[in-house]
Amino acid sequence: MSRPSTTTCFVSKNQDVLALTFQWKGWHFQESQINLADPDDLPMLYARTATIAAIYPQDLKRVLVLGLGGGVISTYLGRFLPDATIDTVELDPGVIDVAKKYFGVRETGKSRLFEGDGRCS
């Protein structure tokens with residue numbers, strides 16, 4: 001069962017960079033950026049830092065991403081690790097809708113989205 005979105009999402013574009021910003025309790029958080037001219041560019045430092053871990057395991061089969069945002073990390077890992085299954089868990093169904101509509105996030109046999117709370121089992 002889908003729950004209503006608890007976060008206000010804003011999508012903006014500045015030149016070739018598409019950004020997803022959240023507003024929650026009066027605070028604004030930039031969550032994702034994607035370079036539309038170069039999908040392998042990761043404009044945000046945290047995305048570059050998080051994805052570097054993928055170079056270490058020799059035979060990576062599965063990846064779990066907690067939090068979707070604009071889907072930049074899971075989409076990048078799906079291209080970088082085509083044989084791995086990428087499971088992404090997102091708490092807010094509104095974020096999933098925005099990622100699909102504006103950021104081109106698509107589920108495949110190897111890339112799956114789950115609505116749920118990744119903070120607890």
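The residues of the chain are indexed from 1 along the displayed sequence.
Linking Ile, Leu, Val, Met, Phe, Trp and Tyr whenever their side-chain heavy atoms come within less than 4.5 Å leaves Ile52 and Leu45 in two separate clusters. Residues Leu20 and Leu36 fall within the same hydrophobic cluster, defined by Ile, Leu, Val, Met, Phe, Trp and Tyr side chains chained together at heavy-atom separations under 4.5 Å.
Separating the OH atom in Tyr46 from the CD atom in Gln30 is a distance of 9.0 Å, to the nearest 0.5 Å. To the nearest 0.5 Å, atom CD1 of residue Ile96 and atom CG of residue Leu68 are 6.5 Å apart. Atom OG of Ser74 and atom CD of Glu107 lie 10.0 Å apart (nearest 0.5 Å). How far OG1 of Thr75 is from CZ of Phe80: 15.0 Å, rounded to the nearest 0.5 Å. Atom CG in Asp97 sits 9.0 Å away from atom CG in Asp92 (nearest 0.5 Å). Here the straight-line distance linking atom NZ of Lys13 with atom CD1 of Ile34 works out to 12.0 Å at 0.5 Å rounding.
The two residues Leu42 and Arg48 have their closest heavy-atom pair at O-NH1, 2.7 Å. Contact record, Ala50 with Ile73: CB-CD1, 3.9 Å, taken as the closest heavy-atom pair. In terms of heavy-atom proximity, Pro43 sits nearest to Gln33 at CB-OE1, 3.2 Å. Nearest heavy-atom pair across Val95 and Cys9 is CG2-SG, 4.0 Å. The two residues Ala99 and Gly69 come nearest to each other via the heavy atoms CB-O, 3.5 Å. Nearest heavy-atom pair, Arg106 versus Ser111, reported as atom, atom and distance to 0.1 Å: O-OG, 4.0 Å.
At distances below 3.5 Å, at least one donor-acceptor pair connects side-chain atoms of Arg79 with backbone N or O atoms of Pro39.
A 4.5 Å side-chain heavy-atom check between Val11 and Val98 finds at least one atom pair inside the cut-off. Proximity of Leu113 to Lys100: side-chain heavy atoms (C-beta onward) are separated by under 4.5 Å at one or more points. Here the side chains of Phe10 and Gln23 are in contact, with some heavy-atom distance below 4.5 Å.
Shown are Lys61, Lys110, Arg62; of these, the salt bridge (Lys or Arg N to Asp or Glu O under 4.0 Å) with Asp87 is made only by Arg62.
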